[in-house]
Student: 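Before I ask anything, let me first share the structure, which is written out below as structure tokens.
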Amino acid sequence: MTEKMMKLGILSAGLLLGAATHVHAQNLQHCAPRDQVVDRLATKYGESRQSMGLGSNNAVMEVFANVEGGSWTITVTMANGMTCLVASGQAFEELAEALPPKGDDA
């Protein structure tokens, strides 16, 4: 069950990163310079960066979380330095799962 949740999370993050271009084109009310967003996530929610990845459009996707409180936020930072909030929620858990053996269709 946990493996399915992780795959779903990775798939969701990929889809969100792909949709980042649409976020940039929309009203930027959930976007601000990256330093302001990171400061707000730290001071208001106690969240720090837990992981990151680079999209094909040079957008940086980051996951911030409060590992004690469980809140989490996914952001996308565009090449111009603007960071947009893409998703947020509760019940964050750190996982370090091994890949399934080759040939396992799980």
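Only this structure's heavy atoms are used, side chains among them; waters, hydrogens and symmetry mates stay out.
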Student: Working to the nearest 0.5 angstrom, can you tell me the gap between Met61 CE and Leu54 CG?
Tutor: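 That separation rounds to 10.0 Å.
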Student: Which atom names give the shortest non-hydrogen contact between Asn66 and Tyr45, and what distance separates them?
Tutor: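 Minimum heavy-atom separation between Asn66 and Tyr45: ND2-O, 3.0 Å.
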Student: Quick one: OG1 on Thr75 to NE2 on His30, what's the gap to the nearest 0.5 Å?
Tutor: 14.0 Å
Student: Checking Thr77 against Thr83: is there a side-chain donor and acceptor pair closer than 3.5 Å?
Tutor: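 On atom types as modelled, these side chains qualify, holding a pair under 3.5 Å.
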Student: What's the shortest heavy-atom distance between Gly69 and Gln90, and which atoms?
Tutor: O-OE1, 4.0 Å
Student: Looking at every non-hydrogen atom in both residues, tell me the closest pair between Gln36 and Ala32 and how far apart they are.
Tutor: OE1-CB, 3.9 Å
Student: Check whether any side-chain heavy atom of Ser48 lies under 4.5 Å from a side-chain heavy atom of Gln50, and answer yes or no.
Tutor: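 Of all side-chain heavy-atom pairs linking Gln50 with Ser48, at least one is under 4.5 Å.
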Student: Side-chain contact, heavy-atom cut-off 4.5 Å: Pro33 with Met82?
Tutor: yes
Student: My understanding is that only residues two or more places apart in sequence, or in another chain, count here; which of them pass salt bridge (charged side-chain N to carboxylate O under 4.0 Å, His left out) with Glu47?
Tutor: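 In terms of salt bridge (charged side-chain N to carboxylate O under 4.0 Å, His left out), with neighbours along the sequence ignored, Glu47 is linked to no residue.
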Student: Would you indicate whether the side-chain heavy atoms of Phe64 and Val37 approach each other to under 4.5 Å?
Tutor: no
Student: At what distance, to the nearest 0.5 angstrom, does CG of Asn57 lie from CE of Met78?
Tutor: 6.5 Å
